[in-house]
Colleague: 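One structure follows; several queries about it will come next.
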Amino acid sequence: MRTGSSSTEQVASAVVEKLSSLGYEDFATDQVRFAGQQGTRLEFVYRGGDRPDRRSREYFALRGPVAFCLGVGSYDWDTDEPVLDAIATRFELT
């Protein structure tokens, strides 16, 4: 997506505003290495009433004026987290 943001932190902040209006919560951000450069990881949870909690992560990288996002999530985080982290670790922009 094209963005006027100059940092991945700004991109993540804008995403938090949107997601919080949709019922997501427990947001946390970290600076991480993603897509071969410094990026931001956003973690959050959706509590869906009668369903188990869905935990998600979105990883953000910038290349010029374009933001790239990899989103992953799971209802069974303990089982799926290692696989989802491996996907994010191997993600490349070419």
Side-chain angles (χ1 to χ4, degrees):
M1 76 178 121
R2 287 208 172 269
T3 178
S5 299
S6 61
S7 71
T8 54
E9 295 95 339
Q10 289 177 329
V11 174
S13 179
V15 170
V16 167
E17 286 183 38
K18 180 66 173 175
L19 290 175
S20 63
S21 73
L22 298 172
Y24 293 88
E25 53 191 55
D26 296 340
F27 296 98
T29 58
D30 289 311
Q31 297 306 298
V32 296
R33 193 108 180 113
F34 173 64
Q37 61 191 11
Q38 189 65 23
T40 299
R41 178 178 62 205
L42 171 64
E43 297 188 14
F44 52 94
V45 177
Y46 183 78
R47 293 183 169 80
D50 59 343
R51 294 178 134 187
D53 292 351
R54 178 179 169 80
R55 291 186 56 193
S56 299
R57 284 186 181 154
E58 291 187 350
Y59 297 83
F60 300 96
L62 285 178
R63 182 176 284 172
V66 179
F68 294 86
C69 175
L70 170 67
V72 296
S74 175
Y75 288 105
D76 186 4
W77 195 256
D78 292 335
T79 300
D80 296 336
E81 183 179 24
V83 173
L84 300 176
D85 280 345
I87 292 168
T89 300
R90 291 175 177 84
F91 187 86
E92 296 179 15
L93 295 175
T94 57

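Given the structure is predicted, the values throughout are model-derived calculations rather than measurements. Along the sequence shown, the residues carry numbers beginning at 1. Below, all heavy atoms of this structure are taken into account, side chains as well, without hydrogens, waters or symmetry copies.
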Colleague: According to a hydrophobic-cluster definition based on side-chain heavy atoms being under 4.5 Å apart (Ile, Leu, Val, Met, Phe, Trp, Tyr only), do Val45 and Leu42 belong together?
Modeller: no
Colleague: So which atom in Ala88 and which in Leu70 form the shortest heavy-atom distance, rounded to 0.1 Å?
Modeller: CA-CD2, 3.7 Å
Colleague: Please check if the side chain of Glu81 supplies one atom and the backbone of Trp77 the other of a donor-acceptor pair under 3.5 Å.
Modeller: no
Colleague: So, using salt bridge (charged side-chain N to carboxylate O under 4.0 Å, His left out) as the criterion, who are the partners of Arg47 when residues are at least two apart?
Modeller: Glu25, Asp26, Asp53
Colleague: Please tell me if the side chains of Leu62 and Val11 come closer than 4.5 Å, counting only heavy atoms from C-beta onward.
Modeller: yes
Colleague: Assess whether a salt bridge exists between Arg41 and Glu43, defined as any Lys/Arg side-chain N lying under 4.0 Å from an Asp/Glu carboxylate O.
Modeller: yes
Colleague: With a 4.5 Å limit on heavy-atom distance, are the side chains of Gln38 and Val32 in contact?
Modeller: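 No. Closest side-chain heavy atoms not under 4.5 Å.
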Colleague: Within the 4.5 Å heavy-atom criterion, are Glu58 and Val15 side-chain neighbours or not?
Modeller: yes
Colleague: With sequence neighbours excluded, tell me which residues meet ring pair (Phe, Tyr, Trp, His ring centres under 6.0 Å) with Tyr75.
Modeller: none
Colleague: Of all the heavy-atom pairs spanning Leu84 and Ser74, show the shortest one and how long it is.
Modeller: CD1-CB, 4.2 Å
Colleague: Using side-chain heavy atoms (C-beta onward) and a distance below 4.5 Å, is Tyr59 in contact with Cys69?
Modeller: no
Colleague: Please give me the minimum heavy-atom distance between Thr8 and Ala61, naming the atom from each residue.
Modeller: CG2-CA, 3.8 Å
Colleague: Is there a side-chain contact between Phe44 and Leu19 (heavy atoms, below 4.5 Å)?
Modeller: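 Side chain of Phe44 against side chain of Leu19, heavy atoms only: contact under 4.5 Å found.
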Colleague: Is it true that Asp85 and Arg57 have a side-chain N and a carboxylate O under 4.0 angstrom from each other?
Modeller: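 Looking at Arg57 together with Asp85, the answer is yes, because their closest N to O distance falls below 4.0 Å.
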Colleague: Once you measure the plane-to-plane angle for Phe91 and Phe34, does it fall in the parallel (<30°), tilted (30-60°) or perpendicular (>60°) bin?
Modeller: parallel
Colleague: Please enumerate all residues that pass salt bridge (charged side-chain N to carboxylate O under 4.0 Å, His left out) together with Glu9, with sequence neighbours excluded.
Modeller: none
